[in-house]
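Inspection log for the structure reproduced underneath, given as structure tokens.
So you know, we letter chains A, B, ... as the sequences are listed, proteins then strands, and number each from 1.
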Protein chains: 2
Amino acid sequence: MTKAKYYINFKKYYVALDCVIFGFTGENLETILIKRNFQPGLGAWALPGGFIEPKESLDKASERILTTLTGLSDIYMEQFYTFGEVNRDPGARIISVGYYALIKIDDYGKELVSKHNAFRRKITNIPKLMFDHNIIFEKALEQLRIKVKNRPIGLELLPEKFTLPQLQKLYESIYLTKLDKRNFRKKILAMDIFEKQKEKDKESSKRGAFFYKFNKQEYNKLVAKGYNFEL
Amino acid sequence: MTKAKYYINFKKYYVALDCVIFGFTGENLETILIKRNFQPGLGAWALPGGFIEPKESLDKASERILTTLTGLSDIYMEQFYTFGEVNRDPGARIISVGYYALIKIDDYGKELVSKHNAFRRKITNIPKLMFDHNIIFEKALEQLRIKVKNRPIGLELLPEKFTLPQLQKLYESIYLTKLDKRNFRKKILAMDIFEKQKEKDKESSKRGAFFYKFNKQEYNKLVAKGYNFEL
DNA sequence: CCAAAAGTGTTCAGCTTACACCCATGA
DNA sequence: TCATGGGTGTAAGCTGAACACTTTTGG
């Protein structure tokens with residue numbers, strides 16, 4: 001005997017999931033938007049999203065949607081809020097769970113752009129989006145900014161080896177501020193969780209900047225001892 | 001013509017809402033649990049909750065559930081996470097949106113306890129709960145602790161007039177730590193958003209402690225100037 | 001008069017902030 | 001050789017943490 005009978009007095013609803021995908025170009029924080037070539041919202045800009053399947057958890061649904069769109073797996077993601085205004089979608093009552101994701105934008109397959117009609121946009125230049133997607137986007141950015149202060153998740157946006165100028169630009173483009181170079185480096189290096197490499201990145205300057213790697217083992221050890229990452 | 005036709009390929013689900021209600025006794029942080037006298041989960045401890053109605057937003061549903069249970073209105077509440085594991089409720093696929101609420105426990109009608117079979121429990125003494133409700137509770141507490149650091153929402157747990165020893169005990173019972181009395185007072189009073197009253201509370205000591213009031217206007221003014229509450 | 005809780009300041013260490021010049025290299 | 005971005009140190013001010021005694025008053 002199932003317990004489902006206890007619920008028959010209640011209504012069911014569509015449950016969707018919208019993803020705010022953040023990537024870092026080296027200069028700017030960007031997100032991926034869909035120019036919809038299907039209904040509803042044909043022709044409008046929208047966040048990538050989809051519906052929950054009967055046999056998948058919310059996290060799995062988010063993974064599926066992200067992998068389908070980007071071709072990447074093991075994407076860092078975080079559920080941040082659920083949107084349930086009655087008429088947020090004028091066509092039907094749809095409750096939508098918001099996730100944000102952080103990707104290494106170099107790995108993002110460009111061929112998928114044409115396939116899904118997906119485009120990258122700077123976070124400072126987001127167009128009018130379908131339904132309440134502008135609100136969803138803003139909430140995602142707000143939550144990202146909070147989280148990035150206390151966890152080293154910003155690194156999910158960078159390749160394994162990165163330079164300190166890159167890292168600084170990353171934080172500057174998340175918070176849309178300028179940071180002091182000396183103070184930033186001092187703080188980062190004092191954490192003792194970044195390892196200087198022997199090689200330099202010669203892409204962005206003649207002199208070249210040393211690569212660093214994030215030492216996750218060391219970080220986890222420190223966390224176990226009560227350490228709190230803070231930027 | 002409705003747009004609903006675009007969604008007919010997708011499944012619908014029950015959407016529920018669970019509330020973690022926090023109250024402060026003067027000594028301890030407590031929450032309200034239901035000893036279920038109905039199915040499913042008859043006899044089990046559970047968080048108060050309910051289902052979303054077709055014509056109400058998530059926030060409205062939370063308000064309804066909180067008001068029905070406590071008899072209070074204008075309750076401070078905050079959505080904190082949505083739980084969607086496939087078998088979290090073994091009887092049916094139910095996606096549940098988690099809210100936490102902060103109430104002034106003095107105002108909480110005791111007659112409602114018997115009506116809803118609701119009981120207060122210290123947060124340090126939570127029994128085994130139905131389904132994934134222990135996980136929901138823990139997440140609520142975690143989010144409360146984060147929020148309370150940066151917003152003066154702890155005051156929602158106290159009456160309009162409160163003493164500094166009360167306020168200190170409040171934070172101690174949220175974080176389950178001891179705080180230094182002098183440092184705590186210094187910090188609080190330096191904020192300039194608490195107004196000393198002429199009257200004293202003689203309840204908890206012979207000498208009596210001065211009442212204070214939170215000056216919300218002043219706080220809002222400071223916030224507009226970029227001020228950030230931080231404890 | 002005494003028990004019990006309220007109230008009060010100072011010092012030290014460590015962190016944050018502001019700030020300017022030399023270095024390495026490819027073109 | 002010069003333009004460009006990479007890399008470095010210090011001083012001043014502020015903030016957080018540690019710490020003990022006096023006051024009030026009802027019983």
Side-chain angles (χ1 to χ4, degrees), chain A residues 24-28 148-150 158-159 161-173 175 177-213 222 225-231, chain B residues 24-28 145 148-150 158-159 161-173 175-213 222 225-231:
Chain A
F24 178 62
T25 58
E27 285 300 322
N28 294 296
V148 117
K149 239 192 236 303
N150 295 297
L158 291 174
K161 293 178 184 181
F162 52 87
T163 68
L164 295 185
Q166 279 172 353
L167 188 63
Q168 183 177 343
K169 272 203 191 115
L170 169 63
Y171 283 103
E172 288 176 341
S173 67
Y175 290 111
T177 52
K178 278 276 160 204
L179 299 174
D180 181 275
K181 187 170 41 161
R182 282 179 284 194
N183 293 338
F184 180 81
R185 294 176 149 256
K186 208 187 313 168
K187 204 171 204 170
I188 291 292
L189 295 176
M191 291 179 184
D192 277 333
I193 49 178
F194 294 91
E195 287 177 347
K196 191 174 185 171
Q197 306 300 114
K198 297 217 168 61
E199 319 89 71
K200 281 184 168 185
D201 170 32
K202 309 277 278 188
E203 296 282 306
S204 61
S205 78
K206 293 159 184 170
R207 179 176 176 177
F210 280 103
F211 280 118
Y212 284 76
K213 273 190 186 176
L222 289 173
K225 287 183 200 159
Y227 171 75
N228 262 311
F229 178 95
E230 173 140 12
L231 196 108
Chain B
F24 177 63
T25 58
E27 285 300 323
N28 294 297
R145 283 174 174 154
V148 117
K149 238 189 237 299
N150 296 295
L158 291 174
K161 291 179 186 181
F162 52 87
T163 68
L164 293 185
Q166 278 172 354
L167 188 63
Q168 182 176 345
K169 273 204 190 112
L170 170 63
Y171 283 103
E172 288 176 339
S173 67
Y175 290 111
L176 302 174
T177 52
K178 278 275 160 205
L179 298 174
D180 180 275
K181 187 170 41 160
R182 281 179 284 191
N183 292 337
F184 180 80
R185 294 175 151 258
K186 209 186 311 167
K187 204 170 203 171
I188 291 293
L189 295 176
M191 292 180 185
D192 277 334
I193 49 180
F194 293 92
E195 285 177 348
K196 191 174 185 169
Q197 305 300 114
K198 295 217 169 58
E199 319 90 71
K200 279 184 170 188
D201 171 32
K202 309 278 277 185
E203 295 284 305
S204 60
S205 78
K206 293 158 183 169
R207 180 177 177 177
F210 280 104
F211 280 118
Y212 284 77
K213 272 189 186 177
L222 289 173
K225 287 183 200 160
Y227 171 75
N228 262 311
F229 178 93
E230 172 139 14
L231 197 108

Legend entry - Listed partners of B:N150 passing side chain to side chain contact (heavy atoms under 4.5 Å, CB included), at least two apart: B:E230
Legend entry - Separation of D:dG7 C1' from A:F211 CZ (nearest whole Å): 16 Å
Inset, instruction - Using whole Å, report how far CD of A:E27 lies from C1' of D:dG5. - result: 12 Å
Inset, instruction - Please report, rounded to the nearest Å, how far the P atom of D:dG6 is from the CG atom of A:L179. - result: 14 Å
Inset, instruction - Could you tell me whether B:T163 contacts a base, only the sugar-phosphate backbone, or nothing, with contacts defined as non-hydrogen atoms closer than 4.0 Å? - result: nothing
Inset, instruction - Working to the nearest 0.5 Å, report the span between OH of A:Y212 and CD of A:Q166. - result: 12.5 Å
Legend entry - Rounded distance in Å - CG (B:D201) to P (D:dT24): 18 Å
Inset, instruction - Please state how far atom NZ in A:K178 lies from atom P in D:dG5, giving the value in whole angstrom units. - result: 11 Å
Legend entry - Heavy-atom closest pair, residues B:S173 and B:E27: CB-O, 3.8 Å
Taking N or O atoms only and anything under 3.5 Å, show me the protein contacts with nucleotides 8-12 of chain C, one pair per line.
from	atom 1	to	atom 2	distance (Å)
C:dG9	N1	B:R182	NH1	3.4
C:dT10	O4	B:K186	NZ	2.9

Inset, instruction - Rounded to the nearest 0.5 Å, what's the gap from NZ on A:K161 to CZ on A:F210? Could you check? - result: 13.0 Å
Inset, instruction - Please state how far atom CD in B:Q166 lies from atom C1' in C:dA5, giving the value in whole angstrom units. - result: 13 Å
Legend entry - Name of the residue among A:L164, A:N183, A:I193 meeting side chain to side chain contact (heavy atoms under 4.5 Å, CB included) with A:I188: A:L164
Inset, instruction - Measure the distance from CG on B:L231 to P on D:dA17 and round it to the nearest whole Å. - result: 11 Å
Tabulate atom names and distances for all N/O pairs under 3.5 angstrom spanning the protein and nucleotides 23-27 of chain C.
from	atom 1	to	atom 2	distance (Å)
C:dC23	O2	A:R207	NH1	2.6
C:dA24	O4'	A:R207	NE	3.4

Legend entry - Heavy-atom neighbours of B:E203 CD exceed 12 at 6.0 Å: no
Legend entry - Main-chain N/O of A:L179 paired with A:Q168 side-chain donor or acceptor, under 3.5 Å: yes
Inset, instruction - Drop me the distance from A:K202's NZ to A:R207's CZ, to the nearest 0.5 angstrom. - result: 10.0 Å
Inset, instruction - Measure the distance from CD on B:E203 to C1' on C:dA4 and round it to the nearest whole Å. - result: 16 Å
Inset, instruction - Let me know, please, whether A:K187 or B:L164 comes out on the 5' side of the other along DNA chain C by nearest nucleotide. - result: B:L164
Inset, instruction - Could you give me the CA-CA distance, side-chain angles and deciding distance for B:L158 and B:L167, then say whether side-chain contact (heavy atoms from CB on, under 4.5 Å) is met? - result: CA-CA 8 Å; B:L158 291 174; B:L167 188 63; 3.6 Å; yes
